[in-house]
Amino acid sequence: MPALETTAEARRSMEICNACRYCEGFCAVFPAMELRRAFSDGDLNYLANLCHGCRGCFYACQYAPPHEFGINLPKILSELRAETYVEYAWPRPMGALFRRNGTVVSLVTAGGIALVLLLATWLQTPGVLFESHLGAGAFYRIIPQWAMTGVALATFFYAVLAIGIGAVRFWRDTGGGKATGVRALAKAASDALTLRNLGGGGHGCNDRDESFSQARRLHHHCMFYGFLLCLASTTSAAIYDHFLHRAAPYPFFSLPVLLGTAGGVGMVIGTFGLIWLKVVGDPEPTARKLWGGEYALLAQLFLAALTGLLLLALRDSSAMGVLLAVHLGVILSFFVTMPYSKFVHGIYRSAALLRNAQERQVAARADYGGH
Ligand code: SF4
Ligand code: SF4
């Protein structure tokens, strides 16, 4: 469905929901919807990113297919969310290139691995990948430190810049206020970090069908907090290297390795669980055309964690060189695709939760003033 048709269908659905209001206690989307009589494009983009795709409203809806109204909010809001990733992307043509990006992400991942393998054989000697390297600085005998650090920093800061510009565009377009109070920030952070809108008030969401479970929320937590632990591991390794002058690889009982191991295990469990839930789940409340991009991101994160753990386990063997190159290639492709893949849903959803906390405060004040 082209972007204009997606927006028109989301608007039609919201207008029917706003008249019905049966689902108003389900999540943050319905109270936010009820604050509006008409829906601008920015409003719809905000509501689409506020939706966590829990599917509760689909199984509860008396107007869901085969009813002639054909209301399927999780599906249409996920399609609209994907359009926002393209609309607010920087630079915009890159967003369009990565639209429904399963194939592109796979190609970039393969390209990233090939590039690091080539770098290793070009900058060092061809046989270096297949030899054992032991002791401090072993990784730099495969890829020189300047190349590893330079490429990592360039791609990381590019990703941060592109995502930051996208987030500002989203914030402006969806009517986010200039000043944000501490209470609104704390509420949004708590909603984002606990995935409150996937909790269903304690009974969970409709992961697979109309039954309720916490599986999706728990696996997402494993993946997200695992990812944060891996970031902390990389940061501590950089501090060890640049400030304590201790080159990798580090012993198992060191901060970078302990954080990385815990994070890697969390990411493997989380991403595998989310892939499994997609495979066994009811496809009806989902947008099949987005599956490629969603599987691609999960596969990328799964591979990043798995190759990191394998590298730790086999770093004293002759497999270390190839494993390091593959691991770095996956990480490189992850950074390059990050601003255009489904990864940005975390940023836009957090911004939507902040916008929601702001407008609930304003509505509460107006309510209080009216009494
Ligand atoms: S999803 Fe269906 S039941 Fe729920 S508010 Fe919308 S129209 Fe009503
Ligand atoms: S799918 Fe869940 S989060 Fe999205 S609108 Fe429906 S009830 Fe709300």
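One-based numbering, in listed order, for ligands and for the atoms of each. Numbers here simply count residues along the sequence, with the first being 1.
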Those atoms of ligand 1 less than 4.0 Å from some heavy atom in Cys20: 3 (S), 5 (S), 7 (S), 8 (Fe)
Within 6.0 angstrom of Arg21 CZ, more than 12 heavy atoms from elsewhere: yes
Which segment of Tyr22 sits under 4.0 Å of ligand 1 when only heavy atoms are counted: both
Verdict with reasoning, Tyr250 to Tyr240, per ring pair (Phe, Tyr, Trp, His ring centres under 6.0 Å): CA-CA 9 Å; Tyr250 303 111; Tyr240 271 45; 5.1 Å; yes
Distance filter under 4.0 Å to Cys23 heavy atoms, resulting ligand 1 atoms: 1 (S), 3 (S), 4 (Fe), 5 (S)
Linked, directly or transitively: Phe26 and Tyr63 (ILVMFWY side chains, under 4.5 Å): yes
Atoms of ligand 1 close to Gln62 [distance to a heavy atom under 4.0 angstrom, numbered from 1]: 3 (S)
Tyr85 and Tyr348 aromatic ring geometry - parallel, tilted or perpendicular at 30°/60° bounds: tilted
Atoms in ligand 2 with a heavy atom of Arg55 nearer than 4.0 Å: 1 (S), 2 (Fe)
Taking atom 7 (S) of ligand 2 as the reference point, the nearest protein heavy atom with its distance: Cys54 SG, 3.5 Å
Closest non-hydrogen atom pair between His52 and Leu195, with its separation: CD2-CD2, 4.1 Å
Heavy-atom pair with the smallest gap, counting every atom of Asp43 and Ala38: OD2-O, 3.7 Å
Near-ring test Phe170/Tyr46, centroid separation under 6.0 angstrom: no
Closest protein heavy atom (residue, atom, distance) for atom 4 (Fe) of ligand 2: Cys51 SG, 2.3 Å
Per-atom contacts, ligand 1 versus Tyr63 - under 4.0 Å to a heavy atom: 7 (S)
No-hydrogen, no-angle side-chain donor-acceptor test under 3.5 Å, Asp241 and Gln145: yes
Shortest protein heavy-atom distance from atom 3 (S) of ligand 2, along with the residue and atom involved: His52 N, 3.4 Å
Metal site atom 8 (Fe) of ligand 2: N/O/S of Cys27 inside 2.8 Å: yes
Heavy-atom proximity to atom 2 (Fe) of ligand 1, best of Ala60, Cys61, Cys57, Cys17: Cys61
